[in-house]
J.: 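Got a structure for you, written out below as structure tokens; questions coming shortly.
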Number of protein chains: 2
Amino acid sequence: MPTASAGAAAASAFAAHDHARCAAETLAQAEAVAVAAGLRLTPVRRRTLEILLESHRALGAYEVLDRLAAEGFGRQPPVAYRALDFLVDAGLAHRVQRLNAFAACMHPGRAHQPVFLICRSCNAVAEVPAAAVHAAVAAAAPPGFAVERVTAEAVGLCASCRGAAA
Amino acid sequence: MPTASAGAAAASAFAAHDHARCAAETLAQAEAVAVAAGLRLTPVRRRTLEILLESHRALGAYEVLDRLAAEGFGRQPPVAYRALDFLVDAGLAHRVQRLNAFAACMHPGRAHQPVFLICRSCNAVAEVPAAAVHAAVAAAAPPGFAVERVTAEAVGLCASCRGAAA
DNA sequence: GATTGACCTGTTACAGTATCACATACCATA
DNA sequence: TATGGTATGTGATACTGTAACAGGTCAATC
């Protein structure tokens with residue numbers, strides 16, 4: 001039941017969890033995916049992914065670039081953009097359109113175009129499975145339109161921020 | 001039956017139609033909405049909406065700004081952004097995240113958070129009703145997450161561009 | 001008529017996001 | 001070692017968006 005497990009993983013972005021382990025496991029999965037696909041997870045790319053994995057937030061390209069530059073990698077915008085684009089193309093990260101920012105993919109390897117849930121208070125971003133959403137979009141499109149990719153992002157308040165506000 | 005009529009209107013963005021009339025009617029509706037809401041459709045704002053209504057494409061803020069400047073309005077970015085933000089807030093235009101661009105709302109006055117269909121060939125943008133999509137997103141979110149706004153955008157090929165490619 | 005206050009328009013300056021173009025370095029393999 | 005593909009570094013530049021402030025317009029009120 002992929003939906004249930006993905007849902008659990010998604011929920012964890014908004015729940016207390018052992019994040020060090022969460023990040024390490026996801027990184028290990030990403031490495032396996034890269035090897036299997038014959039892609040090279042070079043130092044810049046790997047470090048970029050690690051930076052994204054440090055939190056469940058989406059980071060701007062220049063936020064990533066600052067981190068990379070501080071660690072001795074290049075300090076020009078293309079350094080960050082190339083690494084981020086690679087990760088996105090490889091399915092190891094996602095771009096969050098609404099924030100013009102990037103987040104690590106929390107279950108790499110599985111083909112998926114997730115829906116993103118963005119908490120407007122703590123800025124955490126979670127992925128949830130989106131098959132039903134895509135089906136709804138396809139159903140809403142006029143007959144001749146061929147839907148190829150769907151971007152769906154929701155802004156709201158996560159459980160803990162709601163609790164804090166109340 | 002709002003769904004059916006909205007669907008027909010959406011389909012028209014990808015279909016041959018009397019666009020002058022389409023734009024004029026939408027502008028008239030927008031004016032009525034603005035009056036009803038006590039909002040002022042000033043010259044800059046009105047002209048901005050007209051520019052968006054000239055096509056079913058989404059225009060970048062600077063594209064709009066160039067047009068405004070050429071017609072004697074201010075030539076600084078805030079001029080365009082303020083007009084566009086006003087139109088979006090008033091429900092007379094929408095922002096298309098994926099393109100960092102703006103499109104006129106084709107059925108102003110009705111509360112709606114539409115799904116956008118973007119043709120990657122001709123760049124036309126259509127709105128389609130999205131109630132089912134929002135429901136699917138809400139259903140996919142973990143229990144504690146309160147969804148407030150949903151952005152859904154689909155990229156694909158419209159019927160006529162598919163025909164042209166074949 | 002003068003004053004007030006809300007709103008609108010305009011400007012400067014700048015912050016953040018993204019790409020182009022080119023040079024160089026690395027690495028696998030023949 | 002020669003070669004070709006891939007990755008990285010660098011500078012420049014384009015595109016997108018916002019903050020802060022000055023002045024103008026207009027209606028309501030004094």
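Just so we're on the same page: letters track the sequence lines, and every chain starts at 1.
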J.: Of the candidate nucleotides C:dC8, C:dT19, C:dG10, which contains the atom at the shortest distance from the side chain of A:Pro77?
T.: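 Taking heavy atoms from C-beta onward, the closest nucleotide is C:dT19.
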J.: Both B:Val79 and A:Asn100 contact DNA chain C. Which one's nearest nucleotide lies toward the 5' end?
T.: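 Comparing both residues, the 5'-ward one is B:Val79.
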J.: Rounded off to whole Å, could you give me the CG-to-C1' distance for the B:Asp66 and D:dC15 pair?
T.: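 Going from B:Asp66 (CG) to D:dC15 (C1'), I get 12 Å.
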J.: Without decimals, in angstroms, what is the distance between A:Leu99 CG and C:dG16 C1'?
T.: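 Interatomic distance, CG of A:Leu99 to C1' of C:dG16: 14 Å.
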J.: Starting at CG of A:Leu68 and ending at P of D:dT10, how long is that distance when rounded to a whole Å?
T.: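 To the nearest whole Å, that distance equals 13 Å.
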J.: So which one's nearest nucleotide on DNA chain D is more toward 5', B:Asp85 or A:Gly72?
T.: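 Its nearest nucleotide being more 5', the pick is A:Gly72.
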J.: Figure out the OH/P separation between A:Tyr81 and C:dG16, and round it to whole Å.
T.: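 Result: 12 Å.
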J.: Side-chain donor or acceptor of B:Arg82 under 3.5 Å from a matching atom on the base of D:dG17?
T.: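 Such a pair does not exist between side chain and base.
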J.: State whether the distance check finds a donor on one side and an acceptor on the other, under 3.5 Å, for side chain B:Tyr62 versus base D:dA14.
T.: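 No, the side chain and the base share no sub-3.5 Å donor-acceptor pair.
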J.: Of all heavy-atom pairs between A:Gly74 and A:Leu65, which one has the smallest distance, and what is that distance?
T.: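 Answer, listing the atom of A:Gly74 first, then A:Leu65: O-CD1, 3.7 Å.
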J.: For the pair made of CD in B:Glu63 and P in D:dA14, what is the distance, rounded to whole Å?
T.: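 To the nearest whole Å, that distance equals 17 Å.
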J.: Please report the interatomic distance CD(A:Glu25) to CG(A:Leu27), rounded to the nearest 0.5 Å.
T.: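 One finds 11.0 Å between CD of A:Glu25 and CG of A:Leu27.
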J.: May I have the distance from B:Phe102 (atom CZ) to D:dT16 (atom P), rounded to whole angstrom?
T.: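 Whole-Å distance recorded here is 10 Å.
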J.: Once you measure the plane-to-plane angle for A:His56 and A:His17, does it fall in the parallel (<30°), tilted (30-60°) or perpendicular (>60°) bin?
T.: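 The rings of A:His56 and A:His17 sit tilted, inter-plane angle from 30° to 60°.
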J.: Please state how far atom CZ in A:Arg75 lies from atom P in D:dG11, giving the value in whole angstrom units.
T.: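 Interatomic distance, CZ of A:Arg75 to P of D:dG11: 10 Å.
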J.: Of the nucleotides D:dA7, C:dT9, C:dT12, which has the atom closest to the B:Pro78 side chain?
T.: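 The closest nucleotide is C:dT12.
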J.: So, OP1 or OP2 of C:dA18: does either fall under 4.0 Å of a side-chain N or O from A:Arg95?
T.: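 Checking C:dA18 against A:Arg95, a side-chain N or O does come within under 4.0 Å of OP1 or OP2.
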J.: Please report the distance, rounded to the nearest Å, between CG in B:Leu87 and P in C:dT9.
T.: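 In whole Å, C:dT9 P and B:Leu87 CG are 11 Å from each other.
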J.: Does A:Gln76 make a side-chain N or O approach to OP1 or OP2 of D:dG11 shorter than 4.0 Å?
T.: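 Answer yes for this pair, as a side-chain N or O of A:Gln76 is under 4.0 Å from OP1 or OP2.
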J.: Show, in sequence, the C-alpha distance, side-chain angles and deciding distance for A:Leu52 and A:Leu92, and conclude whether the side chain to side chain contact (heavy atoms under 4.5 Å, CB included) test is met.
T.: CA-CA 10 Å; A:Leu52 292 182; A:Leu92 305 180; over 6 Å; no
J.: Measure from the side chain of A:Thr42, starting at C-beta and using heavy atoms only, and say which of D:dT8, C:dG10, D:dG17 lies closest.
T.: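 Nearest listed nucleotide: D:dT8.
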J.: Pick base, sugar-phosphate or nothing for B:Arg40, based on heavy-atom distances below 4.0 Å to the nucleic acid.
T.: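 Since only primed, P, OP1 and OP2 atoms lie under 4.0 Å of B:Arg40, the category is sugar-phosphate.
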J.: Roughly how far, to the nearest 0.5 Å, is CZ of A:Arg57 from SG of A:Cys122?
T.: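 It comes to 10.0 Å.
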